[in-house]
2 protein chains.
Amino acid sequence: MKTILIVEDDNTICDELSALLRNAGYAPLVLSSFKHAKEEILSSSPNLILLDINIPYLNGELLLKELRQTCDIPVIMVTSRNTAVDEVLSMSYGADDYITKPYHPTILLLRIAAVLKRYEQRSDIVTYHDISILPQKGILKKEDTELLLTKNEMIIFMYLLQNQNRIVSRDELMTDLWNNHEYINDNALTVNISRLRGKLKEIGCADAIETRKGLGYFLL
Amino acid sequence: MKTILIVEDDNTICDELSALLRNAGYAPLVLSSFKHAKEEILSSSPNLILLDINIPYLNGELLLKELRQTCDIPVIMVTSRNTAVDEVLSMSYGADDYITKPYHPTILLLRIAAVLKRYEQRSDIVTYHDISILPQKGILKKEDTELLLTKNEMIIFMYLLQNQNRIVSRDELMTDLWNNHEYINDNALTVNISRLRGKLKEIGCADAIETRKGLGYFLL
DNA sequence: TTCCAATATTTCATTTTTGTAACATTGCCA
DNA sequence: TGGCAATGTTACAAAAATGAAATATTGGAA
(Lines give C-alpha, C1' and ligand atoms only; values in the text may rest on other atoms or scores of the structure.)
Protein backbone atom coordinates (compact mmCIF):
# COMPACT_ATOMS: atom_id res chain seq x y z
CA MET A 1 0.00 0.00 0.00
CA LYS A 2 1.23 3.47 -0.83
CA THR A 3 1.87 5.85 2.04
CA ILE A 4 1.10 9.51 1.67
CA LEU A 5 2.59 12.04 4.07
CA ILE A 6 0.44 15.05 4.96
CA VAL A 7 2.34 18.20 5.85
CA GLU A 8 -0.33 20.61 7.04
CA ASP A 9 -0.85 22.53 10.27
CA ASP A 10 -4.66 22.68 10.33
CA ASN A 11 -5.72 19.65 12.34
CA THR A 12 -9.22 19.59 10.93
CA ILE A 13 -7.92 19.43 7.41
CA CYS A 14 -5.42 16.75 8.43
CA ASP A 15 -8.19 14.55 9.75
CA GLU A 16 -10.38 15.04 6.71
CA LEU A 17 -7.51 14.29 4.39
CA SER A 18 -6.50 11.19 6.32
CA ALA A 19 -10.01 9.81 6.09
CA LEU A 20 -10.23 10.57 2.39
CA LEU A 21 -6.91 8.95 1.61
CA ARG A 22 -7.61 5.91 3.76
CA ASN A 23 -10.90 5.39 1.95
CA ALA A 24 -9.08 5.56 -1.35
CA GLY A 25 -6.75 2.78 -0.31
CA TYR A 26 -3.71 4.81 0.71
CA ALA A 27 -1.92 4.79 4.04
CA PRO A 28 -2.00 8.39 5.29
CA LEU A 29 0.71 9.69 7.59
CA VAL A 30 0.71 13.03 9.35
CA LEU A 31 3.86 14.94 10.13
CA SER A 32 4.02 15.30 13.89
CA SER A 33 6.55 18.06 14.22
CA PHE A 34 7.39 20.84 11.83
CA LYS A 35 10.66 21.56 13.58
CA HIS A 36 12.35 18.52 12.12
CA ALA A 37 10.24 18.24 9.02
CA LYS A 38 13.02 17.28 6.67
CA GLU A 39 14.44 14.54 8.88
CA GLU A 40 11.02 13.10 9.60
CA ILE A 41 10.12 13.06 5.94
CA LEU A 42 13.31 11.31 4.94
CA SER A 43 13.03 8.69 7.66
CA SER A 44 9.40 7.86 6.90
CA SER A 45 10.12 7.84 3.15
CA PRO A 46 6.52 8.06 1.95
CA ASN A 47 5.45 7.38 -1.62
CA LEU A 48 4.10 10.91 -1.98
CA ILE A 49 3.96 14.15 0.01
CA LEU A 50 1.07 16.59 0.25
CA LEU A 51 2.86 19.76 1.22
CA ASP A 52 1.13 22.91 2.39
CA ILE A 53 2.91 26.11 1.48
CA ASN A 54 1.97 27.80 4.74
CA ILE A 55 3.46 25.75 7.53
CA PRO A 56 5.00 26.91 10.81
CA TYR A 57 8.75 27.38 11.23
CA LEU A 58 9.50 26.68 7.62
CA ASN A 59 8.32 27.94 4.30
CA GLY A 60 6.84 25.11 2.25
CA GLU A 61 8.66 26.10 -0.88
CA LEU A 62 11.96 26.21 0.95
CA LEU A 63 11.36 22.78 2.41
CA LEU A 64 10.61 21.44 -1.03
CA LYS A 65 13.79 22.94 -2.38
CA GLU A 66 15.85 21.31 0.37
CA LEU A 67 14.14 17.97 -0.08
CA ARG A 68 14.85 17.95 -3.76
CA GLN A 69 18.56 18.03 -3.10
CA THR A 70 18.61 14.66 -1.40
CA CYS A 71 15.59 12.71 -2.52
CA ASP A 72 13.14 12.12 -5.30
CA ILE A 73 9.78 11.69 -3.61
CA PRO A 74 6.82 13.07 -5.58
CA VAL A 75 5.37 16.23 -4.03
CA ILE A 76 2.00 17.91 -4.53
CA MET A 77 1.92 21.46 -3.21
CA VAL A 78 -1.21 22.65 -1.48
CA THR A 79 -1.80 26.36 -1.35
CA SER A 80 -4.59 28.53 -0.04
CA ARG A 81 -3.22 31.64 -1.61
CA ASN A 82 -4.81 31.70 -4.98
CA THR A 83 -2.15 33.67 -6.77
CA ALA A 84 -0.52 32.49 -9.94
CA VAL A 85 2.93 33.47 -8.74
CA ASP A 86 2.91 30.83 -6.06
CA GLU A 87 2.03 28.15 -8.52
CA VAL A 88 4.79 29.09 -10.89
CA LEU A 89 7.31 29.16 -8.09
CA SER A 90 6.33 25.75 -6.80
CA MET A 91 6.58 24.19 -10.20
CA SER A 92 10.01 25.62 -10.78
CA TYR A 93 11.19 24.37 -7.39
CA GLY A 94 10.31 20.88 -8.39
CA ALA A 95 6.76 20.20 -7.26
CA ASP A 96 5.08 17.57 -9.38
CA ASP A 97 1.71 19.21 -9.18
CA TYR A 98 -0.12 21.75 -7.06
CA ILE A 99 -3.62 22.28 -5.95
CA THR A 100 -5.36 25.25 -4.37
CA LYS A 101 -7.61 25.09 -1.35
CA PRO A 102 -10.46 24.52 -1.22
CA TYR A 103 -10.09 21.44 -3.40
CA HIS A 104 -12.59 18.91 -4.57
CA PRO A 105 -11.82 15.51 -3.02
CA THR A 106 -12.11 13.61 -6.29
CA ILE A 107 -9.76 15.97 -8.03
CA LEU A 108 -7.19 15.57 -5.31
CA LEU A 109 -7.36 11.80 -5.61
CA LEU A 110 -7.10 11.95 -9.39
CA ARG A 111 -4.05 14.13 -9.18
CA ILE A 112 -2.41 11.93 -6.61
CA ALA A 113 -3.03 8.89 -8.78
CA ALA A 114 -1.68 10.71 -11.83
CA VAL A 115 1.52 11.80 -10.09
CA LEU A 116 2.14 8.33 -8.67
CA LYS A 117 1.61 6.77 -12.07
CA ARG A 118 4.07 9.17 -13.65
CA TYR A 119 6.70 8.22 -11.10
CA GLU A 120 6.23 4.57 -11.80
CA GLN A 121 6.71 5.18 -15.47
CA ARG A 122 9.84 7.17 -14.79
CA SER A 123 11.45 4.32 -12.92
CA ASP A 124 11.10 2.23 -16.03
CA ILE A 125 8.75 -0.24 -14.49
CA VAL A 126 5.57 -0.56 -16.46
CA THR A 127 2.54 -2.42 -15.21
CA TYR A 128 -0.29 -4.23 -16.92
CA HIS A 129 -3.00 -5.44 -14.58
CA ASP A 130 -1.02 -7.27 -11.91
CA ILE A 131 2.02 -7.80 -14.10
CA SER A 132 5.27 -5.85 -13.75
CA ILE A 133 7.25 -5.30 -16.91
CA LEU A 134 10.95 -4.57 -17.27
CA PRO A 135 11.09 -3.65 -20.95
CA GLN A 136 14.82 -3.57 -21.55
CA LYS A 137 15.35 -6.88 -19.82
CA GLY A 138 12.46 -8.54 -21.54
CA ILE A 139 10.98 -9.66 -18.27
CA LEU A 140 7.33 -9.98 -17.22
CA LYS A 141 6.66 -10.69 -13.55
CA LYS A 142 3.42 -11.87 -12.04
CA GLU A 143 3.67 -12.62 -8.34
CA ASP A 144 6.12 -15.50 -8.19
CA THR A 145 6.37 -16.38 -11.86
CA GLU A 146 8.72 -14.71 -14.27
CA LEU A 147 8.40 -14.76 -18.02
CA LEU A 148 11.06 -13.95 -20.60
CA LEU A 149 9.98 -12.19 -23.77
CA THR A 150 12.20 -11.83 -26.79
CA LYS A 151 12.87 -8.40 -28.24
CA ASN A 152 10.16 -8.63 -30.88
CA GLU A 153 7.61 -9.92 -28.43
CA MET A 154 8.39 -7.08 -26.05
CA ILE A 155 8.16 -4.48 -28.80
CA ILE A 156 4.72 -5.73 -29.77
CA PHE A 157 3.52 -5.96 -26.19
CA MET A 158 4.74 -2.48 -25.30
CA TYR A 159 3.20 -0.98 -28.40
CA LEU A 160 -0.14 -2.54 -27.61
CA LEU A 161 0.18 -1.45 -24.00
CA GLN A 162 0.90 2.14 -24.95
CA ASN A 163 -2.13 2.14 -27.17
CA GLN A 164 -4.35 0.09 -24.93
CA ASN A 165 -7.38 2.30 -25.54
CA ARG A 166 -7.70 1.57 -29.24
CA ILE A 167 -7.30 -0.95 -32.00
CA VAL A 168 -3.76 -1.15 -33.33
CA SER A 169 -3.43 -2.02 -37.00
CA ARG A 170 -1.07 -4.71 -38.23
CA ASP A 171 0.65 -2.10 -40.34
CA GLU A 172 1.47 0.01 -37.33
CA LEU A 173 2.99 -2.95 -35.59
CA MET A 174 5.02 -3.87 -38.64
CA THR A 175 6.28 -0.32 -38.89
CA ASP A 176 7.18 -0.32 -35.21
CA LEU A 177 9.00 -3.62 -35.55
CA TRP A 178 10.77 -3.26 -38.86
CA ASN A 179 10.27 0.37 -39.87
CA ASN A 180 10.37 -0.10 -43.59
CA HIS A 181 9.01 -3.58 -43.94
CA GLU A 182 9.33 -4.08 -47.66
CA TYR A 183 11.39 -7.22 -47.38
CA ILE A 184 9.59 -8.79 -44.51
CA ASN A 185 6.98 -11.44 -44.84
CA ASP A 186 3.65 -10.22 -43.59
CA ASN A 187 3.23 -13.49 -41.79
CA ALA A 188 6.27 -12.79 -39.63
CA LEU A 189 4.10 -10.47 -37.57
CA THR A 190 1.44 -13.13 -37.16
CA VAL A 191 4.09 -15.56 -35.97
CA ASN A 192 5.44 -13.12 -33.42
CA ILE A 193 1.95 -12.34 -32.16
CA SER A 194 1.32 -16.03 -31.88
CA ARG A 195 4.49 -16.55 -29.84
CA LEU A 196 3.63 -13.63 -27.60
CA ARG A 197 0.17 -15.01 -27.00
CA GLY A 198 1.60 -18.37 -26.12
CA LYS A 199 3.81 -16.82 -23.47
CA LEU A 200 1.09 -14.59 -22.07
CA LYS A 201 -1.07 -17.64 -21.69
CA GLU A 202 1.55 -19.11 -19.37
CA ILE A 203 0.88 -16.38 -16.84
CA GLY A 204 -2.85 -16.57 -17.15
CA CYS A 205 -3.30 -13.91 -19.79
CA ALA A 206 -4.73 -16.00 -22.53
CA ASP A 207 -7.02 -13.86 -24.68
CA ALA A 208 -5.35 -10.64 -23.56
CA ILE A 209 -4.72 -9.80 -27.21
CA GLU A 210 -7.91 -9.78 -29.21
CA THR A 211 -8.02 -10.04 -32.97
CA ARG A 212 -10.25 -7.55 -34.74
CA LYS A 213 -10.29 -9.11 -38.14
CA GLY A 214 -9.54 -6.65 -40.88
CA LEU A 215 -8.64 -3.94 -38.39
CA GLY A 216 -5.84 -5.11 -36.15
CA TYR A 217 -5.31 -6.11 -32.54
CA PHE A 218 -6.64 -4.86 -29.26
CA LEU A 219 -5.10 -5.36 -25.83
CA LEU A 220 -7.66 -5.93 -23.11
CA MET B 1 9.15 22.37 -33.77
CA LYS B 2 6.11 21.17 -31.85
CA THR B 3 2.71 22.11 -33.22
CA ILE B 4 -0.11 22.95 -30.87
CA LEU B 5 -3.68 22.94 -32.09
CA ILE B 6 -6.03 25.49 -30.55
CA VAL B 7 -9.68 24.50 -30.44
CA GLU B 8 -11.48 27.61 -29.25
CA ASP B 9 -14.29 29.71 -30.69
CA ASP B 10 -13.36 33.11 -29.26
CA ASN B 11 -11.19 34.71 -31.93
CA THR B 12 -9.58 37.18 -29.56
CA ILE B 13 -8.40 34.39 -27.32
CA CYS B 14 -7.21 32.42 -30.33
CA ASP B 15 -5.03 35.28 -31.44
CA GLU B 16 -3.60 35.87 -28.00
CA LEU B 17 -2.86 32.21 -27.55
CA SER B 18 -1.23 31.93 -30.95
CA ALA B 19 1.08 34.82 -30.18
CA LEU B 20 1.94 33.40 -26.79
CA LEU B 21 2.71 29.97 -28.17
CA ARG B 22 4.70 31.31 -31.09
CA ASN B 23 6.83 33.36 -28.72
CA ALA B 24 7.48 30.26 -26.67
CA GLY B 25 8.79 28.43 -29.71
CA TYR B 26 5.77 26.38 -30.63
CA ALA B 27 3.91 26.31 -33.94
CA PRO B 28 0.31 27.24 -33.16
CA LEU B 29 -2.49 26.00 -35.32
CA VAL B 30 -6.11 27.10 -35.13
CA LEU B 31 -9.00 24.83 -35.96
CA SER B 32 -10.86 26.43 -38.85
CA SER B 33 -14.13 24.58 -38.65
CA PHE B 34 -15.83 22.98 -35.71
CA LYS B 35 -18.10 20.97 -37.93
CA HIS B 36 -15.40 18.52 -38.88
CA ALA B 37 -13.29 18.97 -35.79
CA LYS B 38 -12.33 15.35 -35.41
CA GLU B 39 -11.24 14.89 -39.00
CA GLU B 40 -9.29 18.11 -39.03
CA ILE B 41 -7.51 17.23 -35.82
CA LEU B 42 -6.53 13.80 -37.04
CA SER B 43 -5.27 15.06 -40.36
CA SER B 44 -3.20 17.85 -38.85
CA SER B 45 -1.87 15.50 -36.13
CA PRO B 46 -0.52 18.14 -33.76
CA ASN B 47 1.81 17.41 -30.87
CA LEU B 48 -0.71 18.74 -28.38
CA ILE B 49 -4.28 20.03 -28.34
CA LEU B 50 -5.68 22.92 -26.29
CA LEU B 51 -9.32 22.06 -26.18
CA ASP B 52 -12.05 24.40 -24.97
CA ILE B 53 -14.97 22.67 -23.33
CA ASN B 54 -17.48 25.13 -24.76
CA ILE B 55 -17.25 24.92 -28.51
CA PRO B 56 -20.00 25.16 -31.10
CA TYR B 57 -21.68 22.08 -32.58
CA LEU B 58 -19.83 19.71 -30.32
CA ASN B 59 -19.26 19.34 -26.67
CA GLY B 60 -15.55 19.48 -25.86
CA GLU B 61 -15.69 16.50 -23.56
CA LEU B 62 -17.47 14.44 -26.14
CA LEU B 63 -14.91 15.35 -28.76
CA LEU B 64 -12.14 14.32 -26.41
CA LYS B 65 -13.82 11.01 -25.78
CA GLU B 66 -14.12 10.33 -29.48
CA LEU B 67 -10.54 11.36 -30.14
CA ARG B 68 -9.24 9.00 -27.49
CA GLN B 69 -10.67 6.05 -29.35
CA THR B 70 -8.45 6.51 -32.32
CA CYS B 71 -5.40 8.50 -31.28
CA ASP B 72 -3.09 9.32 -28.46
CA ILE B 73 -2.37 13.04 -28.78
CA PRO B 74 -1.93 14.88 -25.47
CA VAL B 75 -4.88 17.12 -24.63
CA ILE B 76 -5.17 20.01 -22.20
CA MET B 77 -8.76 20.99 -21.51
CA VAL B 78 -9.57 24.65 -21.17
CA THR B 79 -12.70 25.58 -19.28
CA SER B 80 -14.30 28.83 -18.27
CA ARG B 81 -16.81 27.14 -16.08
CA ASN B 82 -15.07 27.00 -12.77
CA THR B 83 -16.85 23.98 -11.44
CA ALA B 84 -15.06 20.96 -10.11
CA VAL B 85 -17.36 18.59 -11.93
CA ASP B 86 -16.03 19.62 -15.29
CA GLU B 87 -12.50 19.00 -14.24
CA VAL B 88 -13.23 15.56 -12.93
CA LEU B 89 -15.08 14.64 -16.07
CA SER B 90 -12.29 15.80 -18.32
CA MET B 91 -9.70 13.87 -16.41
CA SER B 92 -11.71 10.72 -16.48
CA TYR B 93 -12.30 11.08 -20.20
CA GLY B 94 -8.59 11.13 -20.73
CA ALA B 95 -7.44 14.73 -20.67
CA ASP B 96 -3.82 15.03 -19.65
CA ASP B 97 -4.35 18.27 -17.80
CA TYR B 98 -6.85 21.06 -17.61
CA ILE B 99 -6.78 24.74 -16.91
CA THR B 100 -9.50 27.22 -16.09
CA LYS B 101 -9.92 30.59 -17.73
CA PRO B 102 -8.66 33.14 -17.06
CA TYR B 103 -5.24 31.53 -16.96
CA HIS B 104 -1.84 32.98 -16.30
CA PRO B 105 0.29 32.73 -19.50
CA THR B 106 3.32 31.36 -17.68
CA ILE B 107 1.29 28.65 -16.04
CA LEU B 108 -0.19 27.60 -19.33
CA LEU B 109 3.27 27.33 -20.85
CA LEU B 110 4.57 25.37 -17.87
CA ARG B 111 1.71 22.93 -18.10
CA ILE B 112 2.14 22.49 -21.83
CA ALA B 113 5.82 21.80 -21.34
CA ALA B 114 5.07 19.37 -18.51
CA VAL B 115 2.54 17.40 -20.54
CA LEU B 116 4.82 17.23 -23.56
CA LYS B 117 7.70 16.04 -21.41
CA ARG B 118 5.54 13.37 -19.86
CA TYR B 119 4.63 12.10 -23.29
CA GLU B 120 8.24 11.90 -24.30
CA GLN B 121 9.01 9.88 -21.22
CA ARG B 122 6.10 7.65 -21.91
CA SER B 123 7.40 6.89 -25.34
CA ASP B 124 10.47 5.57 -23.59
CA ILE B 125 13.09 7.67 -25.29
CA VAL B 126 16.18 8.24 -23.17
CA THR B 127 19.06 10.49 -24.12
CA TYR B 128 22.79 10.46 -23.44
CA HIS B 129 24.65 13.52 -24.70
CA ASP B 130 23.45 13.78 -28.29
CA ILE B 131 22.39 10.15 -28.51
CA SER B 132 18.79 8.98 -28.45
CA ILE B 133 18.17 5.59 -26.92
CA LEU B 134 15.24 3.27 -27.52
CA PRO B 135 15.85 0.72 -24.78
CA GLN B 136 13.37 -1.96 -25.69
CA LYS B 137 14.38 -1.91 -29.32
CA GLY B 138 18.07 -1.92 -28.53
CA ILE B 139 18.67 1.11 -30.70
CA LEU B 140 21.10 4.01 -30.24
CA LYS B 141 20.71 6.92 -32.63
CA LYS B 142 23.19 9.71 -33.20
CA GLU B 143 22.19 12.08 -35.98
CA ASP B 144 22.21 9.89 -39.05
CA THR B 145 23.85 6.78 -37.69
CA GLU B 146 21.99 4.03 -35.91
CA LEU B 147 23.52 1.42 -33.70
CA LEU B 148 22.04 -1.89 -32.57
CA LEU B 149 22.83 -3.08 -29.08
CA THR B 150 22.08 -6.57 -27.88
CA LYS B 151 20.02 -7.06 -24.74
CA ASN B 152 23.02 -7.47 -22.45
CA GLU B 153 24.77 -4.47 -23.91
CA MET B 154 21.66 -2.38 -23.43
CA ILE B 155 21.22 -3.54 -19.85
CA ILE B 156 24.76 -2.54 -19.01
CA PHE B 157 24.49 0.79 -20.79
CA MET B 158 21.18 1.69 -19.15
CA TYR B 159 22.46 0.73 -15.73
CA LEU B 160 25.51 2.91 -16.15
CA LEU B 161 23.33 5.70 -17.49
CA GLN B 162 20.95 5.55 -14.56
CA ASN B 163 23.92 5.73 -12.20
CA GLN B 164 25.95 8.18 -14.18
CA ASN B 165 27.02 10.16 -11.13
CA ARG B 166 28.97 7.38 -9.47
CA ILE B 167 31.21 4.38 -9.94
CA VAL B 168 29.26 1.19 -10.58
CA SER B 169 30.84 -1.99 -9.27
CA ARG B 170 31.22 -5.09 -11.41
CA ASP B 171 29.16 -6.96 -8.88
CA GLU B 172 26.21 -4.61 -9.30
CA LEU B 173 26.32 -5.07 -13.04
CA MET B 174 26.52 -8.84 -12.71
CA THR B 175 23.53 -8.77 -10.39
CA ASP B 176 21.61 -6.57 -12.80
CA LEU B 177 22.46 -8.85 -15.71
CA TRP B 178 22.11 -12.28 -14.20
CA ASN B 179 20.59 -11.71 -10.78
CA ASN B 180 22.08 -14.72 -9.05
CA HIS B 181 25.30 -15.12 -10.93
CA GLU B 182 26.66 -18.24 -9.31
CA TYR B 183 27.09 -20.17 -12.51
CA ILE B 184 28.31 -17.40 -14.68
CA ASN B 185 31.89 -16.80 -15.54
CA ASP B 186 33.09 -13.53 -14.14
CA ASN B 187 34.73 -12.83 -17.45
CA ALA B 188 31.37 -12.81 -19.21
CA LEU B 189 30.82 -9.31 -17.90
CA THR B 190 34.19 -8.18 -19.17
CA VAL B 191 33.37 -9.55 -22.58
CA ASN B 192 30.03 -7.78 -22.68
CA ILE B 193 31.59 -4.52 -21.58
CA SER B 194 34.18 -4.97 -24.27
CA ARG B 195 31.53 -5.50 -26.93
CA LEU B 196 29.58 -2.49 -25.73
CA ARG B 197 32.68 -0.32 -25.86
CA GLY B 198 33.38 -1.49 -29.36
CA LYS B 199 29.94 -0.42 -30.51
CA LEU B 200 30.03 2.91 -28.67
CA LYS B 201 33.31 3.64 -30.40
CA GLU B 202 31.53 3.38 -33.74
CA ILE B 203 29.45 6.42 -32.91
CA GLY B 204 32.33 8.41 -31.52
CA CYS B 205 31.92 7.45 -27.90
CA ALA B 206 35.20 5.70 -27.38
CA ASP B 207 36.27 6.09 -23.76
CA ALA B 208 32.71 6.80 -22.60
CA ILE B 209 33.05 3.94 -20.14
CA GLU B 210 36.02 4.39 -17.85
CA THR B 211 37.58 1.56 -15.89
CA ARG B 212 38.29 2.27 -12.24
CA LYS B 213 40.45 -0.69 -11.48
CA GLY B 214 39.38 -2.52 -8.34
CA LEU B 215 36.23 -0.41 -8.06
CA GLY B 216 34.15 -0.75 -11.19
CA TYR B 217 33.11 1.33 -14.16
CA PHE B 218 32.15 4.96 -14.63
CA LEU B 219 30.12 6.43 -17.47
CA LEU B 220 31.31 9.86 -18.56
C1' DT C 1 -24.72 -21.57 -45.59
C1' DT C 2 -20.65 -21.25 -48.52
C1' DC C 3 -16.57 -19.31 -49.86
C1' DC C 4 -12.49 -16.80 -49.34
C1' DA C 5 -9.40 -13.60 -47.60
C1' DA C 6 -7.43 -12.72 -43.14
C1' DT C 7 -5.25 -14.67 -39.42
C1' DA C 8 -2.99 -18.87 -36.72
C1' DT C 9 0.08 -22.63 -36.01
C1' DT C 10 3.95 -25.57 -36.67
C1' DT C 11 8.26 -26.69 -38.50
C1' DC C 12 12.74 -25.62 -40.20
C1' DA C 13 17.11 -23.26 -41.69
C1' DT C 14 19.57 -19.12 -40.96
C1' DT C 15 21.29 -15.53 -38.25
C1' DT C 16 22.30 -13.45 -33.94
C1' DT C 17 23.39 -13.60 -29.21
C1' DT C 18 25.73 -15.55 -25.57
C1' DG C 19 29.14 -17.62 -22.29
C1' DT C 20 33.54 -19.91 -22.07
C1' DA C 21 38.28 -20.62 -22.74
C1' DA C 22 42.73 -19.25 -23.95
C1' DC C 23 45.67 -15.72 -24.22
C1' DA C 24 47.05 -10.52 -23.88
C1' DT C 25 47.39 -6.33 -21.49
C1' DT C 26 47.25 -3.12 -17.77
C1' DG C 27 48.17 -0.62 -13.63
C1' DC C 28 48.94 -0.78 -8.86
C1' DC C 29 51.83 -2.07 -4.87
C1' DA C 30 55.84 -3.80 -2.75
C1' DT D 1 61.07 -1.93 -11.50
C1' DG D 2 58.99 -6.42 -11.31
C1' DG D 3 55.12 -9.30 -10.10
C1' DC D 4 50.54 -10.30 -10.24
C1' DA D 5 45.78 -9.72 -9.84
C1' DA D 6 42.39 -7.26 -12.41
C1' DT D 7 40.78 -6.35 -16.73
C1' DG D 8 40.75 -6.73 -22.03
C1' DT D 9 40.60 -9.29 -26.49
C1' DT D 10 39.74 -12.84 -29.76
C1' DA D 11 37.96 -17.15 -31.35
C1' DC D 12 34.61 -20.55 -30.98
C1' DA D 13 30.69 -23.60 -29.97
C1' DA D 14 26.17 -23.82 -27.91
C1' DA D 15 21.77 -21.67 -27.35
C1' DA D 16 18.26 -18.52 -28.59
C1' DA D 17 15.76 -15.66 -31.73
C1' DT D 18 14.08 -14.93 -36.10
C1' DG D 19 11.67 -15.03 -40.71
C1' DA D 20 9.92 -18.03 -44.34
C1' DA D 21 7.18 -21.73 -45.95
C1' DA D 22 3.61 -24.91 -45.63
C1' DT D 23 -0.59 -25.85 -43.77
C1' DA D 24 -4.73 -25.00 -40.74
C1' DT D 25 -8.35 -22.19 -38.98
C1' DT D 26 -11.55 -18.45 -38.66
C1' DG D 27 -15.06 -15.03 -39.30
C1' DG D 28 -17.60 -12.17 -42.18
C1' DA D 29 -19.61 -10.96 -46.76
C1' DA D 30 -22.29 -12.60 -50.57
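Residue numbers start from 1 in every chain, and the chains themselves are labelled A, B, ... in the order their sequence lines are given, proteins ahead of strands.
Looking at Arg195(A), its side chain comes within 3.5 Å of the base of dG19(D) through a donor and an acceptor atom. Residue-to-nucleotide contacts include no donor-acceptor pair under 3.5 Å from the side chain of Arg170(B) to the base of dG8(D).
Atom pair Ile193(B):CD1 and dT17(C):P shows a separation of 18 Å (rounding to whole Å applied). At whole-Å resolution of the value, CD1 in Ile184(B) and C1' in dA21(C) are 16 Å apart. We find that CD1 of Ile139(A) is positioned 16 Å from C1' of dA16(D), with the value rounded to whole Å. Going from atom CG of Leu200(B) over to atom P of dG8(D) covers 14 Å, rounded to whole Å. The interatomic distance linking Arg197(A) (CZ) with dT10(C) (P) rounds to 13 Å, in whole Å. A straight line from CG of Asp186(A) to P of dA5(C) spans 15 Å, rounded to a whole angstrom. Rounded to whole Å, atom P of dT20(C) lies 12 Å from atom CG of Leu177(B). To the nearest angstrom, C1' of dT9(D) lies 11 Å from NZ of Lys201(B).
For the atom pair Leu189(A) CG and Trp178(A) CH2, the distance stands at 5.5 Å (nearest 0.5 Å). With rounding to the nearest 0.5 Å, the separation of CD1 in Ile112(B) from CG in Leu50(B) is 4.5 Å. Here the CG-NE2 distance, from Leu219(A) to His129(A), works out to 7.0 Å after rounding to the nearest 0.5 Å.
With dC12(C), dA6(D), dT10(D) as the candidates, the nucleotide lying closest to the side chain of Lys213(B) is dA6(D). Of the candidates dT7(D), dT20(C), dA20(D), dT20(C) carries the atom nearest the Asn187(B) side chain, counting heavy atoms from C-beta on. The nucleotide whose nearest atom lies closest to any side-chain atom of Thr211(B) is, among dT7(D), dT9(D), dA20(D), dT7(D). Listed nucleotides dT18(D), dT18(C), dT10(C) differ in distance to Lys151(A); the shortest reach to its side chain belongs to dT18(D). When the nucleotides dT7(D), dA21(C), dT18(C) are ranked by their closest atom to the side chain of Asn185(B), dA21(C) comes out on top. Across dT9(C), dG19(D), dT7(D), the shortest atom-to-atom separation from the side chain of Thr190(B) is found for dT7(D).
Nearer the 5' end of DNA chain C, as judged by each residue's closest nucleotide, is the contact made by Tyr217(A), out of Lys199(B) and Tyr217(A). Positionally, the nearest nucleotide of DNA chain C for Gly214(A) lies more toward the 5' end than for the other of Glu153(B) and Gly214(A). Of the residues near DNA chain D, Leu149(A) and Gly216(B), the one whose nearest nucleotide (by heavy atom distance) lies more toward the 5' end is Gly216(B).
Although no hydrogens or angles enter the test, the distance criterion places a donor-acceptor pair under 3.5 Å between the side chain of Lys142(A) and the main chain of Ile203(A). Here the side chain of Lys137(A) pairs a donor or acceptor atom with the backbone of Asp176(B) at under 3.5 angstrom.
For the OP1/OP2 pair of dT18(C) and a distance below 4.0 Å, the side-chain nitrogens and oxygens of Trp178(B) include no atom meeting the criterion. Taking 4.0 angstrom as the limit, Ser194(A) places none of its side-chain polar atoms (N or O) nearer than this to OP1 or OP2 of dA8(C).
Residue contacts shown for Thr150(B) are limited to sugar-phosphate atoms, with no base heavy atom under 4.0 Å away.
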* To do: Decide salt bridge (charged side-chain N to carboxylate O under 4.0 Å, His left out) for Arg166(A) and Glu172(A); before the verdict, give the C-alpha distance in whole Å, the side-chain angles of both, and the deciding distance to 0.1 Å.
  => CA-CA 12 Å; Arg166(A) 64 183 183 87; Glu172(A) 276 180 80; 2.8 Å; yes
